[in-house]
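This report concerns only the one structure given below.
These numbers come from the heavy atoms of this one structure, side chains and all, not from hydrogens, waters or symmetry mates. Each ligand, and each atom within it, is numbered from 1 in the order the structure gives.
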Amino acid sequence: MSSGTPTSSVSPSESSYDRTRMRQWARGRARSAGIDRRDLLKLVAAASVAAPLVPAAASPAHAAQSLAGVVKPLPPELFTVRGTNAETNFSALRDTGLLTPADRFFVRNHTATPVVDATDWTLTVWGDGLAGGPVDFSYEALRALPAVTRTAFVECAGNGRSFFTSQQGQQVGGTAWTLGAIGTARWRGVRLAEVLRRAGIGGHAVDVLPRGLDAEVVSDGTNLGRVRRPLPVAKALDDVLLAYEMNGEPLPPDHGAPVRLIVPSWVGIANIKWVGDIEVSAEPLLSPWNTGLYRLFGPGYPAEGSAPLARQTLKSAFELAPGASFAAHRRHLLTGRSWSGGAPVRSVEVSTDGGTRWRPARLRDESRPGSWVRWSTDWVPRETGPGVLLARATDRSGRSQPATTAHNTQGYLFDAVVRHPVTVV
Ligand SMILES: Nc1nc2c(c(=O)[nH]1)N[C@H]1C(S)=C(S)[C@@H](COP(=O)(O)O)O[C@H]1N2
Ligand SMILES: [Mo]
């Protein structure tokens, strides 16, 4: 598997499997992994109203800690700090290539970056989905297994969330990202499938639950335990990596050192950082991150929420600061990026008149699954004053970014066209 090799077109969609998982849970047959069943039910109930569940909605005390929780510097020209997280300023990507340098890559931490020494780290694979007992892998042992590299974005499920409020007037809970909760890197590591096979995964295994070594997450007084999210075996054995390098360097602490999961095209939460153990289960598993969190709740969705989020959606962003100014009657090069977790991007159109007329942008990269494409177009603004730029991508299945996104209480998967304010002087 390299970034040049097309991935399997079979989508291990969770929705049909999840119906079974939820039915089994209702009958007490799926297991709540590491959390009380009643606490999970409370989370699901809370998710159906628009209350902030993601513990990053910053109080001032939180904001001060957040800087301490991230190891790398967060200069304000590159990042906007939001609670325990750092959003990449899209304007800071203009002079970068396809890959996002680690020093500009967004950080999404539920708590804080733990500093884990690779030499005393082991990955334990365990559970009743294995043929035998637990199997440990040292860092050295993982590095000795066949390596693969792959270019993939990691994007938070809530990327673009703030536009539910600023463009659609809707209340949503969670970190108020604009479009910079995404980065693309070249990851090197070992296939999760390779590790699971060596650990003796059985044909009866259904879920794989990687868990981070960062602190337990406490939300609204409930201890949710350590960050963990079940992956169906079909995805785990498909294109998932246990990555130890990012853009040719050892993984930096903030991005999951010594080893993290890379789950191409899926929502950011699937990409568990600082992975310490992986449970392989013969029963369906539930954690807060696939029940109350990371499902769609709201008027258009069932009371127990949608199926757990899997693939990312279609988005576009200009590599510009909000409110950027342009000299009238001069030629400017507008640049940006578009990406999709579904079919790759086929074309991008730009409007410089608020959405009346659209013209095609030039694509600067070959579109590949799980990555993004850079694009550009020229603009000679004629009238001075405030203006709005829009970019709209269409994917190879023919789907285009819509004018609005249906509301969900936690503001996930915003895919509507974003209005980018500018000033012409
Ligand atoms: N252990 C652990 N893994 C985690 C998280 C976390 O807080 N702890 N955050 C998740 C979320 S919500 C996202 S969007 C991505 C962010 O990856 P990055 O910080 O490398 O950009 O990591 C995921 N993996
Ligand atoms: Mo995320």
Side-chain angles (χ1 to χ4, degrees), residues 34 53-56 66 69-72 74 78-79 81-88 99-116 121 123 152-161 173-177 179-187 189 209-219 224-231 240-247 249 251-278 287-290 293-295 308-310 312-313 341 410-414:
L53 272 178
V54 184
S66 72
V70 172
V71 169
K72 68 184 176 185
L74 301 173
L78 303 185
F79 293 103
V81 171
R82 302 188 188 282
T84 54
N85 316 297
E87 173 167 357
T88 303
L99 305 182
T100 312
D103 68 354
R104 303 180 185 210
F105 207 99
F106 86 104
V107 181
R108 163 63 176 123
N109 279 353
H110 282 71
T111 59
T113 296
V115 179
V116 182
W121 174 88
L123 172 68
F153 62 71
V154 171
E155 183 190 16
C156 190
N159 195 24
R161 173 183 287 129
T175 305
W177 303 112
L179 286 169
I182 181 170
T184 299
R186 191 152 173 80
W187 310 96
L209 182 68
R211 182 163 56 159
L213 291 167
D214 41 340
E216 295 180 332
V217 179
V218 178
S219 175
L224 308 181
R226 283 173 20 222
V227 177
R228 61 202 186 285
R229 187 181 201 245
L231 267 180
V240 178
L241 291 191
L242 282 165
Y244 44 70
E245 273 180 24
M246 177 182 190
N247 297 336
E249 302 283 339
L251 210 55
D254 295 313
H255 300 293
V259 176
R260 80 176 301 170
L261 257 75
I262 291 295
V263 183
S265 303
W266 281 34
V267 287
I269 185 62
N271 301 257
I272 297 295
K273 302 193 275 188
W274 317 293
V275 58
D277 71 293
I278 301 177
S287 89
W289 289 270
N290 71 339
L293 299 167
Y294 303 100
R295 287 179 189 254
L309 303 183
Q312 268 292 2
T313 187
Q410 294 170 101
Y412 296 130
L413 303 188
F414 188 86

Could you go through ligand 1 and list every pair where one of its N or O atoms sits under 3.5 Å from a protein N or O, giving the atom names and the distance to one decimal?
from: ligand 1; atom 1: 1 (N); to: D214; atom 2: OD1; distance (Å): 2.9
from: ligand 1; atom 1: 1 (N); to: D214; atom 2: OD2; distance (Å): 3.3
from: ligand 1; atom 1: 1 (N); to: K273; atom 2: O; distance (Å): 3.1
from: ligand 1; atom 1: 3 (N); to: K273; atom 2: N; distance (Å): 2.9
from: ligand 1; atom 1: 7 (O); to: H110; atom 2: N; distance (Å): 2.8
from: ligand 1; atom 1: 7 (O); to: H110; atom 2: ND1; distance (Å): 2.8
from: ligand 1; atom 1: 8 (N); to: D214; atom 2: OD2; distance (Å): 2.6
from: ligand 1; atom 1: 9 (N); to: R108; atom 2: O; distance (Å): 3.3
from: ligand 1; atom 1: 17 (O); to: R260; atom 2: NH2; distance (Å): 3.1
from: ligand 1; atom 1: 19 (O); to: R108; atom 2: N; distance (Å): 3.0
from: ligand 1; atom 1: 19 (O); to: K273; atom 2: NZ; distance (Å): 2.5
from: ligand 1; atom 1: 20 (O); to: H255; atom 2: ND1; distance (Å): 2.8
from: ligand 1; atom 1: 20 (O); to: R260; atom 2: NH1; distance (Å): 2.8
from: ligand 1; atom 1: 21 (O); to: F106; atom 2: O; distance (Å): 2.7
from: ligand 1; atom 1: 24 (N); to: N271; atom 2: O; distance (Å): 3.1

Partners of [X] by side chain to side chain contact (heavy atoms under 4.5 Å, CB included), sequence neighbours excluded?
| X | answer |
| --- | --- |
| D214 | T111, P114, V227, W274 |
| P258 | V116, A118, W121, Y139 |
| R211 | R226, R228, D277 |

Practice task
Establish, from distance only, whether the side-chain atoms of K273 and H110 form a donor-acceptor pair under 3.5 Å.
Solution key: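 The criterion, which ignores hydrogens and geometry beyond distance, is not satisfied for H110 and K273.
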Problem - Any donor-acceptor pair under 3.5 Å from E155 side chain to Q312 backbone - result: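 No; zero donor-acceptor contacts below 3.5 Å.
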Handout entry: Check: L123 and V259 side chains under 4.5 Å, non-hydrogen atoms
Key =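 Of all side-chain heavy-atom pairs linking L123 with V259, none is under 4.5 Å.
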